[in-house]
Every structure is written in C-alpha cells, then in structure tokens.
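Encoded as structure tokens, the structure appears first; notes follow it.
What you see is a predicted model, and the numbers here were worked out from it, not measured in a lab. Just so you know, residue 1 is the first one in the sequence shown, and it goes up from there.
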Amino acid sequence: QVQLVESGRGLVQAGGSLRLSCAASGRTFSMGWFRQAPGKEREFVAAISGASGRTYYGDSVKGRFTCSRDNAKNTVYLQMNTLKPEDTAAYYCAASVGVNLVLDPSGYANWGQGTQVTVSS
C-alpha cells in the first residue's frame with residue numbers, strides 16, 4: 001500500500017499560481033489529480049502515465065495546469081497557473097497500479113488526504 005501525502009495548500013488571488021506536490025512512500029505508476037468542492041462531485045483534473053509520463057487534463061484546467069513527475073523522488077506535481085475562483089477545492093492525488101493513464105476515480109487504489117486550494121476573486 002503506497003502512502004501519498006499532498007502539500008502546497010494555499011490561498012491565492014485570481015490569476016495567481018500555486019504548485020501542489022504529492023510525495024509517495026514508494027514507487028508509483030500512473031498517477032492522477034482530482035478535486036472536490038463543497039457540494040460537488042469529485043472532478044478529474046489531470047493524470048500522468050507511469051511509463052512515458054504522458055499527461056491528460058480535464059477540460060476545465062487544460063492550458064492552465066501542468067502535471068509532472070520526478071520518479072527519483074517518487075513525487076508528482078501539479079503546477080496551477082492563471083487560477084480562477086472556480087478552482088477552489090480540496091485537491092487529491094491518487095496512485096494507480098497500472099502504467100496507463102487513468103481518468104476515472106475508481107481506477108485508483110491509493111489516495112492522499114487532500115490539500116485545500118482557495119482562490120479569491
């Protein structure tokens with residue numbers, strides 16, 4: 001069981017940037033980022049494959065967010081630029097047991113505890 005710990009929570013103004021990190025206790029394969037705002041369903045944000053590092057993004061963040069990984073550090077990052085108030089949510093990283101991109105939450109076996117991002121207008 002891989003343990004995941006997110007960091008980088010913060011309060012930023014609209015248009016600002018923030019970088020989230022997700023440190024894993026061991027080797028990981030495909031990873032993903034999701035977010036959940038109060039009263040809303042969990043939303044897919046980004047995924048990165050374990051083999052090639054190929055990425056995929058949700059429509060609402062495409063062009064603004066970048067997902068990357070440092071396998072030597074067992075860490076995945078989410079660089080968030082041009083933040084909007086609607087990006088406010090708890091952000092979760094997740095680890096899959098496979099190497100291909102996974103877009104559905106049910107495809108992830110391990111989850112972090114979440115980190116809060118708040119964007120003020």
Do [X] and [Y] have side chains that approach each other closer than 4.5 Å (heavy atoms only, starting at C-beta)?
| X | Y | value |
| --- | --- | --- |
| Arg35 | Val117 | no |
| Met80 | Val61 | no |
| Ser21 | Glu6 | no |
| Gln79 | Ser17 | yes |
| Trp33 | Val76 | yes |

- Message: Could you check whether Tyr108 and Phe34 have their ring centres less than 6.0 Å apart?
- Response: yes
- Message: As a test of understanding, state which of Leu78, Val102, Thr55, Thr66 forms a side chain to side chain contact (heavy atoms under 4.5 Å, CB included) with Ile48.
- Response: Thr55
- Task: Could you check Tyr91 against Val45 for side chain to side chain contact (heavy atoms under 4.5 Å, CB included), going step by step and ending with a plain yes or no?
- Result: CA-CA 9 Å; Tyr91 283 71; Val45 175; 4.3 Å; yes
- Message: Quick one, Lys84 with Asp87, criterion salt bridge (charged side-chain N to carboxylate O under 4.0 Å, His left out). Give me CA distance, side-chain angles, the key distance, then yes/no.
- Response: CA-CA 5 Å; Lys84 305 175 181 180; Asp87 294 319; over 6 Å; no
Point-to-point distance, once rounded to the nearest 0.5 Å, from [atom1] of [X] to [atom2] of [Y]:
| X | Y | atom1 | atom2 | result |
| --- | --- | --- | --- | --- |
| Ser96 | Met31 | OG | CE | 9.5 Å |
| Thr28 | Asn71 | OG1 | CG | 6.5 Å |
| Ser121 | Glu86 | OG | CD | 10.0 Å |
| Ser7 | Leu20 | OG | CG | 7.5 Å |

Which heavy atom of [X] sits nearest a heavy atom of [Y], and at what distance?
| X | Y | value |
| --- | --- | --- |
| Ala89 | Ala37 | CB-N, 3.9 Å |
| Ala24 | Val2 | CB-CG1, 3.8 Å |
| Trp111 | Pro105 | CZ2-O, 3.6 Å |

- List the steps, then state whether side chain to side chain contact (heavy atoms under 4.5 Å, CB included) holds for Arg54 with Leu101. CA-CA 8 Å; Arg54 189 163 64 98; Leu101 288 172; 3.6 Å; yes
- Should the pair Arg42 and Tyr92 be classed as cation-pi, given the thresholds of under 6.0 Å to the six-membered ring centre and 45° from the axis? yes
- Message: Both conditions, 6.0 Å and 45 degrees, for the charged tip of Arg69 above the ring of Tyr77: are they met here?
- Response: no
- Without swapping roles, check the side chain of Ser49 against the backbone of Asn100 for a donor-acceptor pair under 3.5 Å. no
- Query: Under 3.5 Å, side chain of Thr75 to main-chain N/O of Lys73, donor-acceptor pair present?
  - Reply: yes
- Query: When you look at Leu83 and Gln13, which way does the side chain to side chain contact (heavy atoms under 4.5 Å, CB included) test go after all the steps?
  - Reply: CA-CA 8 Å; Leu83 283 162; Gln13 289 188 332; over 6 Å; no
- Query: Would you say Lys62 has more than 12 foreign heavy atoms packed within less than 6.0 Å of its NZ?
  - Reply: yes
- Query: Does OH in Tyr56 sit with more than 12 non-hydrogen atoms of other residues, nucleotides or ligands closer than 6.0 Å?
  - Reply: no
- Query: With sequence neighbours excluded, what pairs up with Thr82 under the side chain to side chain contact (heavy atoms under 4.5 Å, CB included) test?
  - Reply: Arg64
- Task: Could you walk me through whether Gln3 and Asn110 pass side-chain hydrogen bond (donor to acceptor under 3.5 Å, both in side chains), step by step?
- Result: CA-CA 7 Å; Gln3 305 299 318; Asn110 300 290; over 6 Å; no
- Message: Membership question, hydrophobic clusters at under 4.5 Å side-chain separation (ILVMFWY): are Phe65 and Val12 in the same one?
- Response: yes
